[in-house]
Peer 1: 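Mind having a look at this structure? Questions to follow.
Predicted model only: the values in this text are computed from it and were never measured.
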Number of protein chains: 2
Amino acid sequence: MSLLPDSITTLIAALSRLPGVGPRSAERIALHLVQAETGVVKQLADAIITARERISFCTTCGALTEKSPCPICDDARRDGSLICLVERAVDILSVEKSGTFHGKFHVLGGKISPLDGIEPEDLQIAELEKRLATEPIKEIVIALGTDVEGDATSFYLAKRLARAGLRISRIAFGLPAGSGIEFADELTLSRALEGRREML
Amino acid sequence: MSLLPDSITTLIAALSRLPGVGPRSAERIALHLVQAETGVVKQLADAIITARERISFCTTCGALTEKSPCPICDDARRDGSLICLVERAVDILSVEKSGTFHGKFHVLGGKISPLDGIEPEDLQIAELEKRLATEPIKEIVIALGTDVEGDATSFYLAKRLARAGLRISRIAFGLPAGSGIEFADELTLSRALEGRREML
C-alpha cells in the first residue's frame, strides 16, 4: 500500500518538477494544498492557467507580455535609440529592477554554445538585424553573463553587428555592490582592474 | 508601469502563499510556468484541483484519504488493538515511513493550548473515547511533540483516557539517530538519561 492517496502522489510529482522545489517541499506544499480552503486552491490553479494562457513573447523584442508589442516596446517615452541585449526574457526584469536603463530590449534566446548545438542561427540575431535596419538604433548594450559562452557570444555579436554610426557596448564586470576585495575571486578582480575608470 | 504583466503578478502572489515558498522562488516558479509547455502547466493545475477535491478526512481516524474509512482503518491485517495518537493528519505519514508501527491511528487535530484558545473540546478526544468504547483497543501510543503543549496535552490525555485494561504510552525522547552527545542540547540529553533502558 502506498503511504499517500494517489491524487496526492500525483500532485507531489507535478510540484517537484518546478524549479527549486525538491521532493520534501513538494510534499509539504501538496499536504498544505489538500487541507487548504477550496477557494484558495482554486485561485492558485486558475492563476497558473490564466498566466500561461495570457503570456506570450513580444513579437518585436521577445519579452514576456500579455499583448504584443509589449508595454516597453510600446512606450514612446523610452529611448528607442538604445537597445539592451539580454539572453532570456526574464533578464529584462533584472535590468528593469536596477532602474538605470531607459532604452528598449532585445531577447537573444540563448548563448552561442557549439557543444550544446546552439549556433548563431538558433538565436534571435536576424530579428535584431531587422530592427537595426528599420529602427533608429544608435547603441546596443550587450548584457550577457560573464561565462565562456557569454564572452564568446558577445564578441561574435560585436563583430557581426558592427556598422557605421552604431555603438556596441557591454555591461561592466567587477566587484559586486557591497562586497569587499577579500571576497572577490581572481577572475572578478582581474576584470575589475581591467575595467577601472578614472575618478577625476 | 509594473515590471511584470498582471497575470504573472497574480500568479506570484498566489504561489508565495504556499509553505516554504518565498517571494524569490515564487517569481522563479511563475516565470518557469508561463514559459513551460501548456500540457505540463495544465497537468499541474489539474493535479492541484483533483487532489483538493478528492481528499477528505477519514471519519474514523481523521487521516487524509480519498475514501472513508481510510485504507489504514480498513486494513484487517493491521493491529486494531493498538492506536497511535498524532497531532496532525500529516504526522501519520512520518510514523508510517518509520515502518515500525503496525497498529491504527487517531488524529487529535491540535494540541491543548489555552493561550491560543485551544481547549480539550476543540480536539478529537470525544471521538477517541467513542472508539475506546466500541473498538477492542488495548494500547494508545501518544506520539505528540516534546514542546510544552505536547507535554501538557499528553499528560491531560493520559489522565482523561485512563481506564482498566488500557495501556497508555508515549513515544521515547532522546538522542536523534546518527547524532552525537556533543550535538544534543541539555533538555534532549536529560530526557535521554531519564528514558535510559537496561541493555542486558
Peer 1: Does atom CZ of R163(A) have more than 12 heavy-atom neighbours from other groups under 6.0 Å away?
Peer 2: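 Yes - once you tally the heavy atoms of other residues, nucleotides and ligands closer than 6.0 Å, there are more than 12.
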Peer 1: Heavy-atom distance under 4.5 Å to chain A: side chain of A63(B), backbone, both or neither?
Peer 2: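 Looking at A63(B), nothing touches chain A.
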Peer 1: Any side-chain heavy-atom pair from L33(B) and L18(A) closer than 4.5 angstrom?
Peer 2: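 Yes, at least one pair of side-chain atoms sits under 4.5 Å.
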Peer 1: Check this for me: K97(A), atom NZ, are more than 12 non-hydrogen atoms of other residues, nucleotides or ligands nearer than 6.0 Å?
Peer 2: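 Atom NZ in K97(A) is crowded, with more than 12 foreign heavy atoms closer than 6.0 Å.
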Peer 1: If you round to the nearest 0.5 Å, how far is CG of L4(B) from CG of L93(A)?
Peer 2: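 Rounded to the nearest 0.5 Å, the CG-CG separation comes to 4.5 Å.
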Peer 1: Can you tell me which of A51(A), A14(A), S56(A), A89(A) forms the most heavy-atom pairs within a distance under 4.5 Å of chain B?
Peer 2: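 Result: the option with the highest number of such pairs is A51(A).
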Peer 1: Just how far is it from atom CD1 of I49(B) to atom CD1 of I49(A), taken to the nearest 0.5 Å?
Peer 2: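 Output value for this atom pair is 9.0 Å.
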Peer 1: Relative to chain A, which of D46(B), I92(B), V90(B), T10(B) shows the most heavy atom pairs under 4.5 Å?
Peer 2: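 Highest number of heavy-atom pairs under 4.5 Å: V90(B).
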Peer 1: Quick check: is F57(A) connected to I83(A) through a chain of hydrophobic side chains (ILVMFWY, heavy atoms under 4.5 Å apart)?
Peer 2: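 Not linked; separate clusters.
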Peer 1: Contact part of A13(A) toward chain B, heavy-atom cut-off under 4.5 Å: side chain, backbone, both or neither?
Peer 2: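 Looking at A13(A), nothing touches chain B.
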Peer 1: Counting heavy-atom pairs closer than 4.5 Å to chain B, which one of I8(A), L44(A), V40(A) comes out on top?
Peer 2: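 Ranked by heavy-atom pairs under 4.5 Å with chain B, first place is L44(A).
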Peer 1: May I ask you to check whether over 12 heavy atoms, not counting those of R24(A), lie within 6.0 Å of atom CZ?
Peer 2: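 Count not over threshold, so no.
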Peer 1: Under 4.5 Å, counting heavy-atom pairs only, tell me which of E27(B), K67(B), R88(B) racks up the most with chain A.
Peer 2: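 The answer is E27(B).
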Peer 1: With a cut-off of 6.0 Å (strictly less than), are more than 12 heavy atoms of other residues, nucleotides or ligands near CD of E121(B)?
Peer 2: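 Atom CD in E121(B) is crowded, with more than 12 foreign heavy atoms closer than 6.0 Å.
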Peer 1: Under 4.5 Å from any heavy atom of chain A, what part of T38(B) do you find: side chain, backbone, both or neither?
Peer 2: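 Both parts, heavy atoms under 4.5 Å.
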Peer 1: Could you see if L123(A) belongs to whatever hydrophobic cluster contains V86(A)? Use Ile, Leu, Val, Met, Phe, Trp, Tyr and a side-chain cutoff under 4.5 Å.
Peer 2: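 No, separate clusters.
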Peer 1: Could you see if L128(B) belongs to whatever hydrophobic cluster contains I118(B)? Use Ile, Leu, Val, Met, Phe, Trp, Tyr and a side-chain cutoff under 4.5 Å.
Peer 2: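 Yes, L128(B) and I118(B) fall within the same hydrophobic cluster.
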Peer 1: To the nearest 0.5 Å, how far apart are CG in D6(A) and OG1 in T50(B)?
Peer 2: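 Here the interatomic distance stands at 12.0 Å.
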Peer 1: Looking at T65(A), L64(A), L15(A), V21(A), which one has more heavy-atom pairs under 4.5 Å with chain B than the rest?
Peer 2: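 Winner by heavy-atom pair count: L64(A).
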Peer 1: Any chance you could measure I48(A), atom CD1, to Q43(B), atom CD, to the nearest 0.5 Å?
Peer 2: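 Answer rounded to 0.5 Å: 12.0 Å.
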Peer 1: Testing E53(B), R52(B), E66(B), R54(B) for side-chain hydrogen bond (donor to acceptor under 3.5 Å, both in side chains) with S7(A), which one passes?
Peer 2: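 Of the listed residues E53(B), R52(B), E66(B), R54(B), the side-chain hydrogen bond (donor to acceptor under 3.5 Å, both in side chains) partner of S7(A) is E66(B).
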Peer 1: Look at the side-chain heavy atoms of Ile, Leu, Val, Met, Phe, Trp and Tyr, link any pair under 4.5 Å apart, and say whether L157(B) and I168(B) land in one connected group.
Peer 2: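 Per the 4.5 Å side-chain linkage, L157(B) and I168(B) are co-clustered.
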Peer 1: Answer with yes or no whether the hydrophobic clustering places V95(B) together with I137(B); edges join I, L, V, M, F, W, Y residues whose side-chain heavy atoms lie under 4.5 Å apart.
Peer 2: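 No, V95(B) does not connect to I137(B) through the hydrophobic network.
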